[in-house]
Amino acid sequence: METISPLVYHQWPFRFCKSCCSTAYIICSSITNETRQLFVTAQLMRSRPRQHHSGGLVTPDWPAFSSHPLSALSLLSSQEDYRSEESEEFGPVFAQEPDDVIFPLDSDEKKVVMHCEARGNPPPTYSWYINGTEVDVEADYRYSFINGNLIITNASEITDHGKYQCKAENSFGTVLSRDALLQFAYLGAFSGKTRGGVSVREGQGVVLMCTPPPHSPEIIYSWVFNEFPSFVAEDSRRFISQDTGNLYISKV
């Protein structure tokens with residue numbers, strides 16, 4: 001039988017009775033972390049009275065700790081319950097599913113991490129899919145697994161942009177995560193070509209074309225009037241399209 005040694009012992013007087021010359025003690029023991037239980041055992045211990053020189057006060061003789069063992073039956077039962085929980089077998093359950101990631105192409109960190117974690121007994125094994133195709137870590141050295149996480153080294157927009165899913169499985173089941181979109185962020189420069197002026201009669205409307213530079217993902221457009229930072233404020237006459245970047249002005 002396995003022996004369990006308590007980590008902490010505390011005892012203190014609980015009740016004192018002169019008539020019966022007895023002392024009740026509470027013995028509190030914090031059991032090893034493995035059991036994760038706290039047991040309190042109360043025992044009524046009879047002690048021999050001791051006379052003070054000053055008078056008739058009676059005090060108990062404190063018993064040694066070794067004379068108060070915890071119930072072996074309680075300890076054994078607790079251990080068995082804990083082991084039963086630990087040995088329970090069940091299929092994978094996600095603790096963390098992958099989230100969308102926007103990775104800047106100009107980042108000094110050249111690794112993309114897609115997170116995934118699942119609980120299960122036996123512990124689950126992991127696989128990843130990009131746009132429905134399983135990631136082969138043997139065929140492409142850029143991919144690797146750390147626990148359930150997918151690590152992409154030297155990530156490329158051409159080969160790695162898309163939707164990712166994590167799969168966790170053991171002998172009791174399989175779970176497939178939600179889609180997580182991996183995008184690569186960049187913003188190019190406007191064309192250096194000089195733009196021609198736009199003529200319009202007073203009172204008419206006009207559209208000023210933006211022609212945005214290459215970018216990913218979507219960007220927010222704004223216009224500057226004469227010089228920065230004098231931004232054009234949108235109102236009932238002026239509107240900036242967040243789809244094209246064009247500025248619409250009515251009744252110039």
Side-chain angles (χ1 to χ4, degrees), residues 32-36 79-193 210-222 240-246:
T32 58
N33 291 333
E34 180 182 358
T35 64
R36 300 179 186 176
Q79 269 200 315
E80 289 176 348
D81 290 344
Y82 176 72
R83 287 172 179 169
S84 176
E85 292 178 1
E86 286 295 301
S87 62
E88 180 183 356
E89 296 178 318
F90 58 95
V93 178
F94 279 118
Q96 181 181 15
E97 295 188 59
D99 294 315
D100 293 345
V101 174
I102 298 177
F103 183 77
L105 286 178
D106 59 355
S107 172
D108 293 333
E109 176 60 57
K110 298 303 180 183
K111 292 183 179 180
V112 176
V113 180
M114 305 294 289
H115 294 281
C116 181
E117 180 184 356
R119 296 182 293 104
N121 191 17
T125 58
Y126 298 90
S127 54
W128 279 84
Y129 293 82
I130 174 173
N131 298 324
T133 302
E134 184 172 0
V135 174
D136 188 349
V137 295
E138 300 295 333
D140 194 334
Y141 74 94
R142 299 183 308 110
Y143 299 112
S144 60
F145 294 159
I146 297 181
N147 297 324
N149 300 330
L150 172 64
I151 312 299
I152 308 174
T153 305
N154 296 326
S156 166
E157 182 187 17
I158 297 176
T159 58
D160 300 318
H161 176 276
K163 295 181 179 180
Y164 286 75
Q165 284 182 291
C166 171
K167 184 173 77 173
E169 58 185 331
N170 64 13
S171 56
F172 287 87
T174 301
V175 288
L176 188 65
S177 75
R178 61 173 177 253
D179 289 341
L181 179 63
L182 173 59
Q183 297 176 278
F184 292 81
Y186 61 89
L187 178 61
F190 280 100
S191 171
K193 295 181 180 179
C210 176
T211 314
H215 62 274
S216 179
E218 296 302 318
I219 57 178
I220 298 175
Y221 297 94
S222 59
I240 300 173
S241 169
Q242 293 302 317
D243 293 326
T244 63
N246 296 340

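None of these values were measured; they are calculated from a predicted model.
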Closest heavy-atom pair and its distance - [X], [Y]:
{"X": "A118", "Y": "P124", "answer": "O-CG, 3.8 Å"}
{"X": "Y164", "Y": "I130", "answer": "OH-CD1, 3.0 Å"}
{"X": "P217", "Y": "H215", "answer": "O-CD2, 3.3 Å"}

With sequence neighbours left out, the residues meeting side-chain contact (heavy atoms from CB on, under 4.5 Å) with N170 are P92, P122, F172

Which value, rounded to the nearest 0.5 Å, describes the distance between [X] atom [atom1] and [Y] atom [atom2]?
{"X": "E169", "Y": "T125", "atom1": "CD", "atom2": "OG1", "answer": "4.5 Å"}
{"X": "L176", "Y": "S127", "atom1": "CG", "atom2": "OG", "answer": "8.5 Å"}
{"X": "T174", "Y": "K167", "atom1": "OG1", "atom2": "NZ", "answer": "6.0 Å"}
{"X": "M114", "Y": "D99", "atom1": "CE", "atom2": "CG", "answer": "8.0 Å"}

Check whether any side-chain N or O of E89 sits under 3.5 Å from a backbone N or O of N121 as a donor-acceptor pair, and report yes or no. no

Ignoring hydrogens and angles, tell me if any N or O in the side chain of E97 forms a donor-acceptor pair with the backbone of R178 under 3.5 Å. yes

Taking everything shown except N147 itself, do over 12 heavy atoms lie less than 6.0 Å from its CG? no

More than 12 non-hydrogen atoms from neighbouring residues, nucleotides or ligands closer than 6.0 Å to NZ on K110, yes or no? yes

Can you name the side-chain hydrogen bond (donor to acceptor under 3.5 Å, both in side chains) partners of Y126, sequence neighbours left out? none

Going by the rule salt bridge (Lys or Arg N to Asp or Glu O under 4.0 Å), which residues pair with D106 if we only count those two or more places apart in sequence or in a different chain? none

Salt bridge (Lys or Arg N to Asp or Glu O under 4.0 Å) involving D100 - partner list, sequence neighbours excluded: none

In a table with atom names and distances, give each donor-acceptor pair under 3.5 Å that connects a side chain of residues 182-193 to protein atoms at least two apart or in another chain.
unit_1	atom_1	unit_2	atom_2	d
S191	OG	K193	N	3.3

So do [Y] and [X] actually touch side chain to side chain, heavy atoms under 4.5 Å?
{"X": "Y143", "Y": "D160", "value": "yes"}
{"X": "H115", "Y": "V113", "value": "yes"}
{"X": "V137", "Y": "S144", "value": "no"}

N/O donor to acceptor pairs below 3.5 angstrom from side-chain atoms of residues 148-158, sequence neighbours left out:
unit_1	atom_1	unit_2	atom_2	d
N149	OD1	C116	N	2.9
S156	OG	I158	N	3.3

